[in-house]
Each structure stands twice: as structure tokens, then as C-alpha cells.
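Let me begin by presenting the structure, written as C-alpha cells, before commenting on it.
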Amino acid sequence: MKTDIVLRSEGMRILAQNLGIVDCERFITIILREPFDYTKWRQDLFADETLDDFLDNAMKYRKKSQRKQRKI
């Protein structure tokens, strides 16, 4: 299990890489400002997606991530 510091650092890096630093900061501000039920949000996030769609998207993401890692 990762420490809180490592997890926070990795999370910030991933957010910044994918959203850009400005939108990363905006995202964090939104999360902190509004009452937020993470469990409910996750349940609703994929509510309209079938299991097959979810698994297909996960595999595509994995392959894309592996290609990026090989380039490094």
C-alpha cells in the first residue's frame, strides 16, 4: 500500500498531465468547495455503460498506457 504522500503526489501528477495545471487546480477547488459523495459519484459515472463497454475501454486505456511507457 502506498503512503498518503506518495498517493497524493501521483494523483496530482496524473491530474496535471491529463488536465493541465490550471484545470487540475480548478478540479481540486471544485471538489473541496462542493459537498461531494465520491461513492455516489462513482456509481453514477458508469451507470449508462455496460460491463462489456467498461472492460473494452479499460483494455484500450491499458494498451495506450503501455505504449506510452515503452516510449519513455
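The chain is numbered in sequence order, starting from 1.
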Throw together a table of side-chain donor-acceptor distances under 3.5 angstrom for residues 29-40, partners on residues two or more places apart or in other chains.
| unit_1 | atom_1 | unit_2 | atom_2 | d |
| --- | --- | --- | --- | --- |
| Thr29 | OG1 | Glu25 | O | 2.9 |
| Asp37 | OD1 | Thr39 | N | 3.2 |
| Asp37 | OD1 | Lys40 | N | 3.2 |
| Lys40 | NZ | Asp44 | OD1 | 3.1 |
| Lys40 | NZ | Asp44 | OD2 | 3.2 |

Fellow cluster residues of Val22, listed by chain then number, with links counted only when side-chain atoms sit under 4.5 Å apart = Ile21
Counterpart residues, side chain to side chain contact (heavy atoms under 4.5 Å, CB included), relative to Ile5 (two or more places apart) = Thr3, Ser9
Nearest atoms (heavy-atom pairs only) where Leu19 meets Cys24 | CB-N, 3.9 Å
Any residue meeting salt bridge (Lys or Arg N to Asp or Glu O under 4.0 Å) with Lys60, in chain and number order, not counting sequence neighbours = Asp56
Verify the neighbour count for atom CG of Asn18: are there more than 12 heavy atoms of other residues, nucleotides or ligands below 6.0 Å?
-> yes
For Phe54, enumerate each residue passing the ring-ring contact (aromatic ring centres under 6.0 Å, His included) test, keeping only those at least two apart in sequence or located in another chain.
-> Phe46
Partner set under side chain to side chain donor-acceptor pair (under 3.5 Å) for Arg26, not counting sequence neighbours = Asp23
Residues in side chain to side chain donor-acceptor pair (under 3.5 Å) with Glu10, at least two apart?
-> Lys2
Cluster link Trp41 to Ile14, ILVMFWY, side chain under 4.5 Å | no
The side chain to side chain donor-acceptor pair (under 3.5 Å) partners of Lys63 (sequence neighbours excluded) come to none
Sequence neighbours excluded, which residues qualify as ring-ring contact (aromatic ring centres under 6.0 Å, His included) partners of Tyr61?
-> none
